[in-house]
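Shown next, in structure tokens, is the structure this report addresses.
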Amino acid sequence: MAKKMTIDLVAQRAGVSPATVSRVINHPELVSAKTTARVNACICELGYASLVDRYGTARPPEERGPIVVNIPWLDNPFYSEIVHGVRDSAHTAGYDVLISWDTPRQSTVGAYCASLRRSNASGLITMCSLSTETIERIDATLPTIQCAENNPETDVPYVTIDDRSAARVAVEHLISCGCRRLAIVSGPESYKYARGRMEGFLSVARERGIDLDPNWILQVPDNNYELACSAACHMLESENAPDGVFACSDTYGAAVIRAARRAGLSVPDDLMVVGFDNIDIATMTTPTLTTVNQPRYRMGYSACNLLLERMRGGAARSMTLETELIVRESTTRR
């Protein structure tokens, strides 16, 4: 605790964050000369010259710690292209990448931060849904960027999309194809993407005067194909079935197509489906899946670029990237 308070005092005197003080001590090559000089002067003024001994000395470039990518699910193909973008950006700057399969909570964030320090991590890109207290604790430990998922209550920079707007485009497409009995298969409410896409779906339905059957608003507790398929089967095998489904991920979309086949429904003749993400599975289904494309590689690459900027002591800006509706065989004009 004394060590933490010492860094806080230096940060306050120098007008920088505690993370910047730590970088000046551990990775001065990542901080501007002007900031380094100001922090070092404050260390001397406060009589904390022993800080360098406590925290270590500057490391040469070949000993730079890795950039850690924090994902909530290892088996979700959505993250692969994002990680690819992170890796390319990181390698260009001379950093390795480590994957952390974990969702830190308030009760575990202390242990998580300790593991980041043990791994000598230089920075973190998180795609998990984190509480304000959790992400701010991590950001105080090392530079952090939010990617895809983000907590708007914090000042930690992010790269993401406008989920609400993208969902509206998807639902408007279903309506333009003649669908009037609309359903949604969404994910856990704890995730920003699920909340935003649900809001977009409901807003279009309200504006278009479309009555929604509560039994057609499905929320799956995980981005799991089997769970989504089971929920969709129950919905589609009822006497009154929807004629259009907005699936908040391509995994859900593929599950709906499979459930429709089990129920004896033809896609797109009896039921139209729009997914989200444009992962590889969208072109593997029969029929192929209309979906919303997220620029996942660019998200990862941009997130890593922002992180590198923060690691150098710069002020990274948040980014909201554009999406695009990709029309395939699961929808058609009637």
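Atom set for the values below is all heavy atoms of this structure, side chains included, hydrogens, waters and symmetry mates excluded.
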Please determine whether side chain to side chain contact (heavy atoms under 4.5 Å, CB included) holds for the pair F78 and S249, giving the CA-CA distance in whole Å, both sets of side-chain angles, and the decisive distance to 0.1 Å. CA-CA 9 Å; F78 168 75; S249 76; over 6 Å; no
Could you please spell out the steps behind the side chain to side chain contact (heavy atoms under 4.5 Å, CB included) verdict for I175 and L182? CA-CA 9 Å; I175 293 173; L182 299 180; 4.0 Å; yes
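N240 is linked by a side chain to side chain contact (heavy atoms under 4.5 Å, CB included) to R181, D213, W216, counting only residues two or more places apart in sequence or in another chain. R298 pairs by the salt bridge (charged side-chain N to carboxylate O under 4.0 Å, His left out) definition with nothing, not counting sequence neighbours. Residues passing the side chain to side chain contact (heavy atoms under 4.5 Å, CB included) test with Q12 are L9, sequence neighbours excluded. Applying the ring pair (Phe, Tyr, Trp, His ring centres under 6.0 Å) test to W101 and every residue at least two apart in sequence or in another chain returns nothing. Applying the salt bridge (charged side-chain N to carboxylate O under 4.0 Å, His left out) test to E226 and every residue at least two apart in sequence or in another chain returns R258. Shown here are the side chain to side chain contact (heavy atoms under 4.5 Å, CB included) partners of A170, two or more places apart in sequence or in another chain: F246, V274, V292. Applying the salt bridge (charged side-chain N to carboxylate O under 4.0 Å, His left out) rule to R310 yields the partners D139; only residues at least two apart in sequence or on another chain are considered. In this view, R137 satisfies the salt bridge (charged side-chain N to carboxylate O under 4.0 Å, His left out) rule with no residue, not counting sequence neighbours. Residues meeting the side-chain hydrogen bond (donor to acceptor under 3.5 Å, both in side chains) test with T160, sequence neighbours left out: K192.
Within the structure, ring-ring contact (aromatic ring centres under 6.0 Å, His included) contacts touching residues 149-195 (residues at least two apart or in different chains) are W73-Y191, Y191-Y193.
Other residues, nucleotides and ligands contribute over 12 non-hydrogen atoms within 6.0 Å of the CD atom of Q219. Heavy atoms of other residues, nucleotides or ligands lying less than 6.0 angstrom from NE2 of H91 number more than 12. More than 12 heavy atoms of other residues, nucleotides or ligands sit less than 6.0 Å from atom CG of D269. The environment of CD in E133 is crowded: more than 12 heavy-atom neighbours from other residues, nucleotides or ligands sit within 6.0 Å.
Checking side-chain atoms of S330 against main-chain N and O of V273 turns up a donor-acceptor pair under 3.5 Å. Here the side chain of R333 pairs a donor or acceptor atom with the backbone of S176 at under 3.5 angstrom. Distance alone, capped at 3.5 Å, is enough to place a donor-acceptor pair between the T291 side chain and the F276 backbone.
Y297 belongs to a hydrophobic cluster with Y301, counting contacts under 4.5 Å between side-chain heavy atoms of Ile, Leu, Val, Met, Phe, Trp and Tyr, direct or through other members. In the hydrophobic clustering, where aliphatic and aromatic side chains (Ile, Leu, Val, Met, Phe, Trp, Tyr) are joined below 4.5 Å either directly or transitively, I135 groups with V68, L98, V109, Y112, L116, L124, L130, I138, L142, V156.
Checking each of R328, E81, Q294 against N278 for a side chain to side chain donor-acceptor pair (under 3.5 Å) leaves exactly one that passes, namely R328.
For the residue pair R197 and S186, no side-chain donor N or O sits within less than 3.5 Å of a side-chain acceptor on the partner.
M235 and Y225 end up in different hydrophobic clusters when Ile, Leu, Val, Met, Phe, Trp and Tyr side chains are linked at under 4.5 Å.
Here the closest heavy-atom approach between residue D250 and residue A282 is recorded as OD2-CB, 3.8 Å.
At least one side-chain heavy atom of R261 sits less than 4.5 Å from a side-chain heavy atom of T286.
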